[in-house]
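Predicted model only: the values in this text are computed from it and were never measured. In what follows, residues are counted from 1 in the order of the sequence shown.
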Amino acid sequence: MNSAPRTIATTAEDASTRRRALLRASIKPVVFTVLLALASMAGAIPIPGTPVPITLQTLVVMVAALTMSWRQVACSVLLYLAAGAVGLPVFAGGASTAALFGPSAGFLIGFLPGAIVTALLKGKAKQRLDASVAAHASETSLAAANAEAADNNRSGLVRYALTALRYFAASIVGCVVVVYAFGFAVQSALTGVPLATVALVSMGFVAGDLVKAVIASLTIAAAAVRR
């Protein structure tokens with residue numbers, strides 16, 4: 001006789017859980033859009049020979065792609081580009097609509113496919129096995145439990161290293177190779193400078209983004225393997 005009320009309560013709880021999950025999934029892209037705008041407006045470092053400055057945009061895009069699904073990160077980048085397109089000063093140096101038609105347009109537009117590629121390539125981090133140590137500790141000797149803990153620690157380090165390496169590779173392919181392919185092509189077309197020359201004078205960007213990829217992959221991998 002109590003099955004119906006329990007079923008109704010369970011259904012209501014499931015619906016509430018889905019609403020909370022949907023809310024969290026919607027909030028994350030908005031948060032990263034704001035962070036991306038702040039990183040762009042916080043300041044820029046000019047690179048001699050190129051009209052495109054260095055900002056923290058790429059780092060934020062990498063972190064977003066490594067922590068969200070490809071759909072979420074696509075929504076975040078699209079929202080960011082839309083904000084600039086309608087005139088909000090969210091691009092480097094406080095620029096807005098004009099930046100989408102200038103030398104840096106290819107990099108901005110390239111953030112979208114680059115972030116999606118990174119999110120698709122990152123895969124999933126394997127979870128820690130620390131709980132198994134606690135489960136067996138009461139059933140085995142202290143020495144055996146310590147040995148198992150040491151094995152799990154070594155296994156955890158391997159998982160962390162592999163996850164960080166995978167995240168780094170995904171960041172390089174998506175947020176460097178793909179983004180720069182768009183950026184170099186558009187900049188060369190708009191300025192009339194040969195593509196090889198554009199690539200050469202932009203090596204400062206590449207070096208900086210390699211460092212950003214290391215920072216993002218190590219940081220996010222550490223959080224991912226502990227979840």
Side-chain angles (χ1 to χ4, degrees), residues 28-29 32-33 35-40 42 44-47 49-78 80-81 91-92 103-126 156-189 195-227:
K28 287 182 69 174
F32 273 105
T33 299
L35 290 176
L36 191 52
L38 292 176
S40 305
I45 303 173
I47 295 294
T50 173
V52 182
I54 286 180
T55 68
L56 292 176
Q57 286 174 305
T58 311
L59 177 61
V60 176
V61 173
M62 288 177 181
V63 172
L66 293 176
T67 56
M68 293 193 291
S69 69
W70 72 266
R71 292 182 179 84
Q72 287 177 308
V73 76
C75 289
S76 182
V77 176
L78 283 172
Y80 172 68
L81 295 175
F91 299 143
S104 63
F107 293 95
L108 292 171
I109 296 171
F111 282 152
L112 180 59
I116 291 174
V117 168
T118 298
L120 290 173
L121 291 178
K122 70 183 179 184
K124 293 183 179 180
K126 293 183 179 179
L157 289 175
V158 171
R159 287 196 303 277
Y160 170 69
L162 292 176
T163 300
L165 183 61
R166 190 172 67 250
Y167 285 4
F168 177 77
S171 298
I172 293 299
V173 174
C175 293
V176 177
V177 175
V178 173
V179 172
Y180 278 81
F182 278 83
F184 289 167
V186 172
Q187 187 176 337
S188 176
L195 188 62
T197 302
V198 171
L200 181 62
V201 299
S202 299
M203 285 301 102
F205 290 106
V206 176
D209 284 340
L210 288 175
V211 174
K212 294 173 190 175
V214 170
I215 294 172
S217 59
L218 290 177
T219 304
I220 304 305
V225 298
R226 283 175 167 77
R227 284 204 300 267

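- Taking all atoms of both residues into account, the shortest heavy-atom contact from Pro113 to Phe182 is CG-CE1, 3.6 Å.
- With contacts defined as side-chain heavy-atom distances shorter than 4.5 Å, the pair Leu121/Val173 qualifies.
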Practice prompt. May I have the step-by-step check of side-chain contact (heavy atoms from CB on, under 4.5 Å) for Val176 and Met62, ending in yes or no?
Written response: CA-CA 10 Å; Val176 177; Met62 288 177 181; 4.1 Å; yes
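- Nearest approach of Tyr160 to Ala222, heavy atoms of both residues: CE1-N, 3.3 Å.
- Partners of Tyr180 according to the side chain to side chain donor-acceptor pair (under 3.5 Å) rule, which considers only residues two or more places apart in sequence or in another chain, are Asp209.
- Here the side chains of Val186 and Ile109 are not in contact, with every heavy-atom distance at 4.5 Å or above.
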Item to complete: Please lay out, stage by stage, how Val77 and Phe32 fare under the test side-chain contact (heavy atoms from CB on, under 4.5 Å).
Response: CA-CA 8 Å; Val77 176; Phe32 273 105; over 6 Å; no
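- Between the Ser202 side chain and the Val198 main chain, a donor and an acceptor come within less than 3.5 Å of each other.
- Proximity of Gln187 to Phe107: side-chain heavy atoms (C-beta onward) are separated by under 4.5 Å at one or more points.
- Considering NZ of Lys122 and CE of Met68, their distance stands at 8.0 Å, rounded to 0.5 Å.
- Across all non-hydrogen atoms, the minimal contact from Leu59 to Ala216 is CD1-CB, 4.0 Å.
- Annotation for Val60 and Ala39: closest pair CG2-CB, 3.7 Å, computed over non-hydrogen atoms.
- Leu35 CG to Ser76 OG: the interatomic distance, rounded to the nearest 0.5 Å, is 8.5 Å.
- Contacts of Tyr80 classified as ring-ring contact (aromatic ring centres under 6.0 Å, His included), with partners at least two apart in sequence or in another chain: Phe91.
- Contact annotation: the side chain of Lys28 never approaches that of Thr33 to less than 4.5 Å [non-hydrogen atoms, C-beta and beyond].
- Between Tyr167 and Ser217, the shortest heavy-atom distance links the atoms CB-CB, 3.7 Å.
- Rounded to the nearest 0.5 Å, atoms CG (Leu218) and OG1 (Thr163) are 11.0 Å apart.
- The distance from the CG atom of Leu112 to the CD1 atom of Ile116 is 4.5 Å, given to the nearest 0.5 Å.
- Across all non-hydrogen atoms, the minimal contact from Ile172 to Ala213 is CD1-CB, 3.8 Å.
- Remark: Ser69 engages Arg71, Gln72 in a side chain to side chain contact (heavy atoms under 4.5 Å, CB included) (not counting sequence neighbours).
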Worksheet item: Checking side-chain contact (heavy atoms from CB on, under 4.5 Å) for the pair Ile220/Thr67: CA distance, chi angles, key distance, verdict?
Response: CA-CA 7 Å; Ile220 304 305; Thr67 56; 3.7 Å; yes
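- Ser171 and Thr118 share no donor-acceptor pair across their side chains, judged by distance under 3.5 Å alone.
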